[in-house]
Amino acid sequence: AQTVTQSQPEMSVQEAETVTLSCTYDTSENNYYLFWYKQPPSRQMILVIRQEAYKQQNATENRFSVNFQKAAKSFSLKISDSQLGDTAMYFCAFTLLNFGNEKLTFGTGTRLTIIP
Amino acid sequence: EAGVTQFPSHSVIEKGQTVTLRCDPISGHDNLYWYRRVMGKEIKFLLHFVKESKQDESGMPNNRFLAERTGGTYSTLKVQPAELEDSGVYFCASSQETGVVSPLHFGNGTRLTVT
């Protein structure tokens, strides 16, 4: 079975600083996707960024980027120039490619607080 | 377009009672998923509908949980009888296509408390 581990239950950082959230996963498969989801307080969970395992290049989305280390099974999220609106629970997630039967395996989440 | 809506947002029931959660996916989304987060733990997959059919229900914890999606539109998740360990946040998500092609759109979740 696949597992996802987020070892940082809570983090806080000053506004405008850079923060990195860690995520490790365990799988014996080779074809999979990794995701970071964000759930702001009292709001819906939304996709922040995703990474295909077969791609060596790290995904980036504006201020959000990942450091994908396939051999180490590590998938950290870096938020640059953090903003107050980045305050949220962040969940790392994994799915195998399974012909339309994909389902997400999540970590326990990291609660990130951006301090003004 | 309207997002995924879930009702109720909160529910407090006593052990042994029945609760029904509802999810309205984004219009046109054939894929509907239920997930659950027990307090402080990871979010876990419960099941996946494609239209009205159950594609994968491997995550359903036991036969006290019953999910339906009549007509392939909204879905309900009934817990009967509820137990203390059923407390948590139940998330619904929908997507236009299966797999990783289209992203999941999540609802706000229903927080269920069983006392």
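Throughout, a chain's letter reflects where its sequence line sits, starting with A, and its residues are numbered from 1. Just the heavy atoms: all of them, side chains too, but no hydrogens, waters or symmetry mates, feed the values below.
Nearest approach of B:N108 to A:S42, heavy atoms of both residues: ND2-O, 4.1 Å. What you find for A:K103 and B:S58 is that their closest heavy atoms are NZ-OG, 2.7 Å. Here the shortest heavy-atom pairing between A:T108 and B:R37 reads O-NH2, 3.0 Å.
Here the straight-line distance linking atom CD1 of B:I43 with atom CE of A:M89 works out to 7.5 Å at 0.5 Å rounding. Remark: B:L104 CG to A:M45 CE distance equals 8.5 Å, nearest 0.5 Å.
Contacts of B:D56 with chain A are made by side-chain atoms alone, with heavy-atom separations under 4.5 Å and no backbone atom involved. Using a 4.5 Å cut-off between heavy atoms, A:E52 does not touch chain B at all.
Contact annotation for residues 53-63 of chain A against chain B (heavy-atom separation below 4.5 Å): no residues qualify.
Aromatic pair A:F106/B:F45: centroids not less than 6.0 angstrom apart.
In this structure, B:Q96 places its CD atom where only 12 or fewer heavy-atom neighbours from other residues, nucleotides or ligands lie under 6.0 Å away. The local environment of NZ in B:K78 is sparse, with at most 12 non-hydrogen atoms from other residues, nucleotides or ligands closer than 6.0 Å. Enclosure of atom CZ in A:F64 by more than 12 non-hydrogen atoms of other residues, nucleotides or ligands within 6.0 angstrom is indicated. Applying the 6.0 Å contact sphere to NZ of A:K78 captures no more than 12 heavy atoms from other residues, nucleotides or ligands.
Heavy-atom pairs under 4.5 Å with chain B peak, among A:L97, A:T95, A:L104, at A:L104. The candidate with the highest count of non-hydrogen atom pairs below 4.5 Å against chain A, out of B:K41, B:Q6, B:K44, is B:K41.
Hydrophobic clustering (ILVMFWY, side-chain heavy atoms < 4.5 Å, transitive): B:L112 and B:M60 are in one cluster. A:Y32 and A:W36 fall within the same hydrophobic cluster, where Ile, Leu, Val, Met, Phe, Trp and Tyr residues are linked whenever their side-chain heavy atoms come under 4.5 Å apart, directly or through other members. Under the 4.5 Å side-chain heavy-atom criterion for Ile, Leu, Val, Met, Phe, Trp and Tyr, B:W34 and B:V50 are members of distinct hydrophobic clusters. Under the 4.5 Å side-chain heavy-atom criterion for Ile, Leu, Val, Met, Phe, Trp and Tyr, B:V12 and B:L84 are members of distinct hydrophobic clusters. Placement of A:L112 and A:V48 within a single hydrophobic cluster is found when ILVMFWY residues are connected by side-chain heavy-atom separations under 4.5 Å, directly or transitively.
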Check the pair B:F106, A:Y37 against ring pair (Phe, Tyr, Trp, His ring centres under 6.0 Å), reporting the backbone distance first and the verdict last.
CA-CA 10 Å; B:F106 281 85; A:Y37 279 86; 5.5 Å; yes

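Scanning for salt bridge (charged side-chain N to carboxylate O under 4.0 Å, His left out) contacts around B:K54 gives B:E57, with sequence neighbours left out.
No side-chain heavy atom of A:Q44 sits under 4.5 Å from any side-chain heavy atom of B:F91.
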